[in-house]
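Since the structure comes first, as C-alpha cells, the remarks are kept for the end.
Because the structure is a prediction, the values reported are computed rather than measured. Note: hydrogens, waters and symmetry copies are ignored here, and every other heavy atom, side chains too, is used. When a residue number appears, it is its place in the shown sequence, counting from 1.
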Amino acid sequence: MAMNQVGLLERATEQSITKQRFDRYFLHSKEESIDYYAKAMRWAQGGFVDQFSRNDKPYSGLPHKEFTKLFSQTFSDILPEEESPVETLFKKIGETILKHSVVVSNPTCLAHLHCPPLSAALAAEVLISGTNQSMDSWDQSASATVVEEKMVRWLSDLFLKCDRADGVFTSGGTQSNFMGLLLARDRYLKKQLNWDAQRDGLPVEASKLRIFCSKDAHFTVRQSAFLLGLGEQAVVSVETDSCHRMCVNDLDRCVKEAVEQGLLPFAVVATAGTTDFGSIDPLAEVASRAKRYQMWFHVDAAYGGALMLSERHKHKLTGIDLADSLTVDFHKLFYQPISCGAFLVKDRSNFDFIKLHADYLNPEDDEETGIPNLVTKSIQTTRRFDALKLFVSFHALGRKTFADMIDYTISLAQETAKVINEEPDFELLNEPQINAVVFRYRPQGMEKSNDSEWLNRLNGLIRTKLLEQGHSVLARTRVNESVYLKLTLLNPRTTIEDIQSIVSQIKHLIQVEARI
C-alpha cells in the first residue's frame, strides 16, 4: 500500500475515534446518543418537578446575598475542567437554582405580566429546542417557515382583517413596538420628505418628528424613540382620563400645538392594556385622529390582545383593526413560555423599509422563485420557532378554553376589587378593565394616614415582607409619587380565597410591624 494511502487510512481511523468520542453529546440515530439524551431529560424533568413544580410557595424567601453564597458554594467553577455526570449536575441545579426560583405558576405569584406557562407549550419547547430551527431562511427552517406563515396569516385575519396584512414572530412587546415605530418613521420620511433612511440615515428634519402616546403608555415608546435617533423629546405624553385611558381631546390639543410649532407628527401609539392598570385607550377614536392628521397608528396590545379570543370582552378592542401596526404578546394572556410575541402590519409592503438581502442567506433570486426567507420581515436574524408552541397550545386547548380562562381572570379581578374596596384600611385605585388591580394599605383613623412618606414606606415594606416570607409575590408601583401594590391576575388557578388570604396576611403583617 502506498504511503499516502496509509496516511489517509490512519487519519480516517483517528477521525472516526474522535467522532465516536463526541457522539453521545448530540442527539442522532445511534443508541448511545438517544440513551444520553433520555437520561439528561429524565434528570432535568425530575429536578424540575421535585424542586420547582411541587413547591407550595411562590418563592423560598432566600435573600439575594444568601442565594449568591449558596450558588458559589455549590458551583465553585463556572467551567470545570472535566465533565460532570448529568444526574449529579441536575440534582445540584434542582436543589439550588430551581428550589430558589420564582414559581410563576403558583396562584399567589401575582406581581407582573408574567404568566404560568401551559404544559402543552412546555412540551412544545422540547421540540423547538431539540430541532433548533432558525427562522431566518427557508433552508434553516423549512416546515417551520410554513407553520409561522400560517400562524401569522391567522393572527392577521383575527386582528387586522386585511388581505394585505402580514407579520412576524418576535421576542415580545419591546421588539414589536420598536418595529412599529421604525416602519412609521421611515414611511413618513419616504412619503413626506422623499428621504430614504435606509440608505442615507436621518435628515436634518428628524429632530422635528413627534410621536404621541398616553402618559401611561409602555416605557418602550420612549426607548424606541431614542434608539431610532429621535431622542425621548420626540415623544409627547397625552393626558389620560379617570380610567387611565388616553384623552382624545388632549391628543387633539397636543397635535395642534406640535403643528403650530413647526413640528412633524408622524405616529400615535394607543395602548390596549397598560402595564399598571390594564387600561385600554379608545382605539377607534384614536384611529380617527391618526387618519385626520395623517399619522401612523400603532396599537400596543401586548397585554390586552388576547381579549380577541373572548366573546364577552373582545368589544373592548373595537377599532384595533384600524391599526397600521400592532404588538401582541403570547407570554402574557396566551400562557406561553417566554419569549413569544408577534408584530403585525396592515400593509406588507411596509416591510420593504427593513428588507436587506445577503447572498449567503436570502439572495434576491430566492424571492423571484418564491422561496420564503422570513429574515426580510425581521430585525432579528437568528430566531426561534416560537410559533410552534402557540400552535400546539391552540390545538391542545381550543379557543373556548382560552376564552374561559381569560373571562375567569377578568371576573376574578372584578371580585378582587370588590373585596379590597370593602376593607376600610385598604384603598382601591382602579376598577379593572382587564385583570390588574392597584391598591394600597392606608389605615383609617391614624394621624399618619395622610403622611405620604410614611405610607410609601409602609406599602414598600408590605411587599418586601410578603416576598421574604414566601407567602405571595406582589408588584410595587408609583402613581403620582405614591407607592401602591398591584395584583396582576393572569393565573386562572388563582381563587378569591387566595386573594382573601393575601389580604389577611397584610393585616397580620401590619399588627406584627406596628412599630412602623
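The main-chain N or O of Gln336 is never found under 3.5 Å from a side-chain atom of Lys389 such that the two would form a donor-acceptor pair. Side-chain atoms of Asp196 come within 3.5 Å of backbone N or O of Arg199 as a donor-acceptor pair. Distance alone, capped at 3.5 Å, is enough to place a donor-acceptor pair between the Thr409 side chain and the Ile406 backbone. Put simply, the side chain of Arg348 gets close to the backbone of Asp163: a donor and an acceptor are under 3.5 Å apart. A donor-acceptor pair is defined here as one N or O able to donate and one able to accept, closer than 3.5 Å; such a pair exists between the side chain of Thr488 and the backbone of Ala111. At least one donor-acceptor pair under 3.5 Å links the side chain of Ser288 to the backbone N or O of Glu285. For Ser141 (side chain) and Ala144 (main-chain N/O), no donor-acceptor pair under 3.5 Å exists by modelled atom type. Asn373 places no side-chain N or O within 3.5 Å of a backbone atom of Met135 that could act as its donor or acceptor partner. Not one N or O on the side chain of Lys314 forms a donor-acceptor pair closer than 3.5 Å with the backbone of Leu309. Between the side chain of Trp195 and the backbone N or O of Gly201 there is at least one donor-acceptor pair closer than 3.5 Å.
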*asked:* Between Arg493 and Asp498, is the salt bridge (Lys or Arg N to Asp or Glu O under 4.0 Å) condition met? List the steps.
replied: CA-CA 10 Å; Arg493 294 183 58 248; Asp498 293 316; over 6 Å; no
_If you apply the rule side-chain hydrogen bond (donor to acceptor under 3.5 Å, both in side chains), what do you find for Ser134 with Asp136, and how did you get there?_
CA-CA 6 Å; Ser134 185; Asp136 39 339; 2.5 Å; yes
*Apply the test side-chain hydrogen bond (donor to acceptor under 3.5 Å, both in side chains) to residues Gln233 and Arg210: give CA-CA distance (whole Å), side-chain angles for both, the deciding distance (0.1 Å), then the verdict.*
CA-CA 8 Å; Gln233 55 91 35; Arg210 291 295 181 268; 3.0 Å; yes
_Step-by-step side-chain contact (heavy atoms from CB on, under 4.5 Å) determination, Ile280 to Tyr303_ = CA-CA 10 Å; Ile280 300 172; Tyr303 178 9; over 6 Å; no
*Ser452 vs Ser482, side-chain hydrogen bond (donor to acceptor under 3.5 Å, both in side chains): CA-CA, chis, key distance, verdict*: CA-CA 7 Å; Ser452 58; Ser482 295; 6.0 Å; no
_Run Asp404 and Lys400 through salt bridge (Lys or Arg N to Asp or Glu O under 4.0 Å) and show every step you take._
CA-CA 6 Å; Asp404 288 346; Lys400 187 177 184 304; 3.1 Å; yes
*Before giving the answer on side-chain contact (heavy atoms from CB on, under 4.5 Å), spell out for Val255 and Glu260 the whole-Å C-alpha distance, their side-chain angles and the decisive distance to 0.1 Å.*
CA-CA 9 Å; Val255 175; Glu260 288 172 351; over 6 Å; no
_Is there a side-chain hydrogen bond (donor to acceptor under 3.5 Å, both in side chains) between His331 and Ser339? Walk through the geometry before answering._
CA-CA 6 Å; His331 50 235; Ser339 59; 5.3 Å; no
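Taking 4.0 Å as the cut-off between side-chain N and carboxylate O, Asp166 and Lys346 do not count as a salt-bridged pair. Salt bridge annotation for Arg383-Glu148: present, with a cationic side-chain nitrogen under 4.0 angstrom from a carboxylate oxygen. Taking a cutoff of 4.0 Å between a charged side-chain nitrogen and a carboxylate oxygen, Arg245 and Asp281 do not qualify as a salt bridge. Look at Glu367 and Lys355 and you find a salt bridge, because one of the NZ, NE, NH1 or NH2 atoms lies within 4.0 Å of a carboxylate O, short of that distance. Between Asp157 and Arg153, at least one side-chain N (NZ, or NE/NH1/NH2) sits under 4.0 Å from a carboxylate O, which counts as a salt bridge.
Heavy atoms of other residues, nucleotides or ligands lying less than 6.0 angstrom from CD of Gln294 number 12 at most. Counting non-hydrogen atoms of other residues, nucleotides and ligands closer than 6.0 Å to CZ of Phe353 gives a total above 12. Counting heavy atoms of neighbouring residues, nucleotides and ligands inside a 6.0 Å radius, atom CZ of Phe26 does not exceed 12 of them. Residue-environment remark: CG (Asp359) stays at or below the threshold of 12 foreign heavy atoms within 6.0 Å. Under a cut-off of 6.0 angstrom, the local environment of NZ in Lys291 is sparse, with at most 12 non-hydrogen atoms contributed by other residues, nucleotides or ligands. Taking a 6.0 Å sphere around CD of Glu481, one finds it holds 12 or fewer heavy atoms contributed by other residues, nucleotides or ligands.
Counting all heavy atoms, side chain and backbone alike, Asn55 lies closest to Asn106 at O-ND2, 4.2 Å. Of all heavy-atom pairs between Thr376 and Leu356, the closest is CG2-O, 4.3 Å. Nearest heavy atoms, Ser105 versus Asn491: O-ND2, 3.0 Å. Across every non-hydrogen atom of Ser171 and Gln380, the tightest pair is N-OE1, 3.9 Å. Among all heavy-atom pairs drawn from Ala413 and Leu489, the shortest one is CA-CD1, 3.5 Å. The minimum heavy-atom distance between Lys332 and Cys115, with the atom names listed, is O-CB, 3.1 Å.
Here Phe394 and Phe402 bring their ring centres to under 6.0 angstrom of each other. Between Tyr335 and Phe330, the distance from one ring center to the other does not fall under 6.0 angstrom.
A distance of 5.0 Å separates CG in Leu110 from OG1 in Thr494, rounded to the nearest 0.5 Å. The line from CG of Asp324 to CG of Asn350 is 7.5 Å long, rounded to the nearest 0.5 Å. In this structure, Thr220 OG1 and Asn177 CG are separated by 4.0 Å, a value rounded to the nearest 0.5 Å. Note that CZ of Arg463 and CG of Leu461 are 11.5 Å apart. Values are rounded to the nearest 0.5 Å. Between the OG1 atom in Thr271 and the CE atom in Met246 there is a gap of 6.5 Å [rounded to 0.5 Å]. Taking CG of Asp216 as the reference point, atom OG1 of Thr274 lies at 5.5 Å (rounded to 0.5 Å).
The aromatic rings of Phe277 and His244 lie parallel to each other, their planes meeting at an angle below 30°, with 60° marking the opposite boundary. Using cut-offs of 30° and 60° on the angle between ring planes, the pair Phe71 and Phe67 is tilted.
Inter-residue side-chain proximity for Arg253 and Asp250 is flagged as met; some heavy-atom pair is nearer than 4.5 Å. When side chains are defined from C-beta on, Lys377 counts as touching Leu374, because their heavy atoms get closer than 4.5 Å. Within the 4.5 Å cutoff, the side chain of Ile93 has heavy atoms near those of the Leu98 side chain. Side-chain contact check for Asn435 versus Tyr408: every heavy-atom pair is 4.5 Å or farther apart. Inter-residue side-chain proximity for Ile434 and Leu307 is flagged as met; some heavy-atom pair is nearer than 4.5 Å. A 4.5 Å side-chain heavy-atom check between Thr327 and His298 finds at least one atom pair inside the cut-off. Using a 4.5 Å heavy-atom threshold, the side chains of Phe334 and Ser393 count as separate. The shortest side-chain heavy-atom distance between Ile354 and Leu183 falls under the 4.5 Å cut-off.
In this structure, a donor-acceptor pair under 3.5 Å is present between the side chains of Tyr484 and Glu427.
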